[in-house]
Number of protein chains: 2
Amino acid sequence: MSPDLNAMALFVRVVEHQSFSAASRRLGVPISTVSRKVAELEKALGVRLLERSTRKLRLTELGQDYYAYCRRGLEEIETGTLMLSERQAEISGTLRLSVPPGLADRLIVPLVSAFQAEYAAVTVRILITEREVDFIQDAVDLALRVGELKDSNLVARPLIRYRHILVVAPAYLDAFGMPEHPRDLPTHRMITFGGWFDDVSLKLVRNSSVHTVKVEGVLALNDYAGVLCATEAGQGIAEIPSIICGEALRDGRLVEVMPDWRFPSTSLSAVYPGNRNLSRIVRLFKDYCVEQVNVLSPYAGI
Amino acid sequence: MSPDLNAMALFVRVVEHQSFSAASRRLGVPISTVSRKVAELEKALGVRLLERSTRKLRLTELGQDYYAYCRRGLEEIETGTLMLSERQAEISGTLRLSVPPGLADRLIVPLVSAFQAEYAAVTVRILITEREVDFIQDAVDLALRVGELKDSNLVARPLIRYRHILVVAPAYLDAFGMPEHPRDLPTHRMITFGGWFDDVSLKLVRNSSVHTVKVEGVLALNDYAGVLCATEAGQGIAEIPSIICGEALRDGRLVEVMPDWRFPSTSLSAVYPGNRNLSRIVRLFKDYCVEQVNVLSPYAGI
DNA sequence: AATAATTATTCCATATATGGGAAAATAGAT
DNA sequence: ATCTATTTTCCCATATATGGAATAATTATT
């Protein structure tokens with residue numbers, strides 16, 4: 001059986017202090033514990049490491065050599081422990097974020113840039129993926145996720161609530177007219193997000209009336225930036241999150257289609273694998289998101 | 001408080017095995033203990049070292065760096081532990097003996113030479129001193145001592161019993177005649193051992209009659225080799241241990257004075273600081289002395 | 001020389017840690 | 001769909017460690 005490493009550490013301290021009592025006082029460990037631990041270490045190793053009496057202490061020949069090895073080993077371990085606390089204190093390292101497509105350039109990049117302005121030693125890596133990432137396999141510190149959390153091992157901190165909006169370019173309306181009911185939408189040209197394998201369903205609510213309609217996009221891609229661009233070009237009607245299209249609506253480049261029919265609101269959350277022993281920069285960024293996200297995204301809440 | 005080094009060692013093993021379960025099986029430690037210990041280490045350090053779920057394990061960024069320090073530290077300590085057991089096995093190192101004056105060349109050197117012929121890797125250092133050495137302060141492994149042991153913390157293993165003998169050269173007797181009683185001795189030329197500050201007392205016994213006589217040496221020194229040499233040269237009568245003068249008696253260079261008056265016998269012992277965790281070479285040499293000393297010194301028992 | 005202070009060891013009542021098993025949830029293999 | 005393996009957490013009887021006191025020895029002080 002390997003000897004007790006804590007006992008070995010006490011042995012090293014006793015040698016450094018040249019005294020059981022001095023080591024005991026310095027470490028805040030009872031003298032009886034120090035004495036017993038060192039004696040147990042000698043027994044486990046089958047070697048007398050120290051010759052001692054009251055007031056006198058001397059390493060044996062083998063004890064001298066063993067002490068040299070142990071001191072170097074402990075120094076390495078202590079350097080590692082110190083490195084950890086310094087790294088925790090200095091707010092540096094790499095933050096690894098997972099972000100759904102379409103959010104990075106309009107929301108996340110400004111947020112991260114502001115964060116890094118405040119914490120210059122932090123590196124940020126962003127994985128844009130539509131997948132629900134695996135925090136272990138994909139090595140993700142924190143994910144921004146739309147919608148409700150399904151994984152019970154993870155913690156979700158809501159950042160903003162917003163809704164999607166049906167939008168269109170004015171020129172399209174001049175040519176094809178405004179739809180008057182959700183059931184009219186399949187007869188219109190639709191630009192959809194996703195739609196790789198299946199058609200997209202739109203679920204709209206007016207008062208307490210719910211209407212779900214399936215549409216086939218003439219253009220479908222999983223990037224809201226591309227969806228926005230095509231919609232502004234008048235190529236069709238699209239469902240776009242308010243935090244992405246809010247500026248185009250404000251500037252008149254897009255108008256809302258059937259404003260009294262609305263999508264259910266959803267949320268954007270910061271998701272991470274529990275609060276316990278969370279890395280300092282992850283904790284800081286999480287809290288930063290909570291504080292800053294409404295400031296940086298005025299189109300939440302439309 | 002410093003983190004638990006044994007817990008840190010478990011952490012390193014878990015990383016090496018890439019599995020709590022594999023580490024648990026390999027180390028013979030319950031899986032619940034491994035899990036708890038690593039969690040406690042993370043709490044003590046305030047850092048998540050590992051991201052993990054069932055079937056997946058990954059070091060965090062800080063965990064990776066900490067692991068590297070700890071692995072090097074543990075390797076150093078393990079090398080030291082292995083060094084100890086190898087050194088115990090290989091019978092090498094330095095044996096440090098303390099020997100009273102006058103014994104080294106006639107008894108100890110042959111004994112040590114024979115021991116080193118058998119154990120070639122052992123170095124022996126001999127301190128010839130009349131003092132009762134301090135095992136700690138003087139860094140002595142084993143002492144050869146004449147007489148009874150006074151220090152209760154030490155262990156004495158008797159080697160031989162012998163007595164001192166009053167001896168003289170025949171030429172001296174031709175010139176001055178043989179003393180007939182111990183009280184005659186002060187009128188003779190005496191060569192004494194020691195006698196630096198005080199005169200020397202001789203205590204002689206015949207049957208149950210005890211006579212103590214104080215003599216002043218015309219020559220006094222604390223080296224039996226010198227005492228023997230001067231006595232053989234006819235310069236006086238001397239008290240010399242049988243193990244030193246036995247050969248000169250056998251060869252007729254010296255004769256015994258008043259053979260029916262005798263000194264009390266005394267003993268030569270190997271003295272060492274207890275049997276617990278005694279260095280291998282000290283233990284071996286002690287046992288070797290017990291076995292060999294009568295063979296190498298036929299004049300014990302005269 | 002006597003006394004006081006300090007040191008290291010040992011013992012034991014008490015405190016704490018551990019081992020082992022079970023349960024629950026997750027994930028990969030069959 | 002089921003089985004197997006992994007990790008975490010909890011529980012508790014048991015084992016072990018601990019802290020304080022007593023003891024003996026040594027050195028410093030008076």
Side-chain angles (χ1 to χ4, degrees), chain A residues 1 3-7 9-11 13-15 17-44 48-59 132-138 149-154 273-277, chain B residues 1 3-7 9-11 13-15 17-44 48-59 132-138 149-154 273-277:
Chain A
M1 175 61 81
D4 181 358
L5 292 171
N6 296 320
L10 285 176
F11 159 69
R13 298 297 171 238
V14 166
V15 173
H17 290 82
Q18 275 295 300
S19 158
F20 282 70
S21 288
S24 162
R25 283 190 297 272
R26 186 68 173 75
L27 298 170
V29 175
I31 181 67
S32 54
T33 301
V34 178
S35 179
R36 181 174 49 230
K37 281 294 196 181
V38 173
E40 283 170 5
L41 177 66
E42 286 177 317
K43 185 175 181 183
R48 173 177 282 144
L49 300 169
L50 292 161
E51 287 296 349
R52 63 242 195 222
S53 69
T54 64
R55 297 200 184 285
K56 286 211 199 72
L57 192 85
R58 181 181 60 81
L59 277 165
E132 187 168 299
V133 292
D134 180 317
F135 280 80
I136 301 170
Q137 191 71 38
D138 293 312
L149 178 68
K150 292 198 277 309
D151 189 324
S152 62
N153 289 316
L154 301 170
N275 276 308
R276 200 176 61 187
N277 300 323
Chain B
M1 173 61 81
D4 181 358
L5 293 172
N6 296 320
L10 284 177
F11 158 69
R13 298 299 169 238
V14 166
V15 174
H17 290 83
Q18 274 295 302
S19 161
F20 282 69
S21 288
S24 161
R25 284 191 296 271
R26 186 68 173 76
L27 299 169
V29 174
I31 181 65
S32 52
T33 302
V34 178
S35 179
R36 180 172 52 217
K37 282 294 197 183
V38 173
E40 283 171 6
L41 178 67
E42 286 177 317
K43 186 176 182 183
R48 173 177 282 141
L49 300 169
L50 291 162
E51 287 297 349
R52 62 240 196 223
S53 70
T54 65
R55 298 206 185 284
K56 282 208 198 76
L57 191 85
R58 181 180 61 81
L59 278 164
E132 187 169 300
V133 292
D134 178 319
F135 280 82
I136 302 169
Q137 191 73 35
D138 295 312
L149 177 69
K150 294 199 272 312
D151 188 324
S152 64
N153 288 317
L154 301 171
N275 277 308
R276 201 176 59 188
N277 301 323

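Naming convention: chains lettered A, B, ... in sequence-line order (proteins, then strands); numbering from 1 in each chain. What you are looking at is a predicted structure, and each value in this text was computed from that prediction instead of being measured.
Considering all non-hydrogen atoms of both residues, B/R58 and A/F135 come closest at NH2-O, 3.4 Å. The minimum heavy-atom distance linking A/D4 with A/K37 is given by the pair OD2-NZ, 2.8 Å.
No donor-acceptor pair closer than 3.5 Å links the side chain of B/E51 to the backbone N or O of A/I136.
Between the CG atom of B/L50 and the CG atom of B/L41 there is a distance of 9.5 Å, given to the nearest 0.5 Å. Note that NE2 of A/H17 is 5.5 Å distant from CZ of A/R26, once rounded to the nearest 0.5 Å. Considering CG of A/L10 and CD of A/E40, their distance stands at 10.5 Å, rounded to 0.5 Å.
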Base-contact (B) and sugar-phosphate-only (S) positions in nucleotides 6-11 of chain D, heavy-atom cut-off under 4.0 Å, - elsewhere: BSBBB-
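Counting to the nearest Å, the C1' atom of C/dT6 and the NE2 atom of A/H17 are 17 Å from each other. Rounded to whole angstrom, the span from the CD atom of A/E51 across to the P atom of C/dT9 amounts to 11 Å. In this structure, B/D134 atom CG and D/dA25 atom P are separated by 16 Å, rounded to whole Å. In this structure, CZ of A/R58 is placed 15 Å from P of C/dA8, rounded to the nearest angstrom. Atom P of nucleotide C/dT18 and atom CG of A/N6 are separated by 10 Å, given to the nearest angstrom. In this structure, CG of A/L10 is placed 15 Å from C1' of C/dA8, rounded to the nearest angstrom. C/dT26 atom P lies 15 Å from atom CZ of A/F135, rounded to whole Å. In this structure, the CD1 atom of A/I136 is 10 Å from the P atom of C/dG28, given to the nearest Å.
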Sort me out a list of protein N/O and nucleotides 13-15 of chain C N/O pairs below 3.5 Å, or just none if empty.
none

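For the pair B/K56 and A/D134, the minimum side-chain heavy-atom distance is below 4.5 Å. Between A/F11 and A/L59 the shortest side-chain heavy-atom distance falls below 4.5 Å. Using a 4.5 Å heavy-atom threshold, the side chains of A/V38 and A/L49 count as separate.
Distances shown here put every side-chain N or O of B/K37 at or beyond 4.0 Å from the OP1 or OP2 atom of C/dA17.
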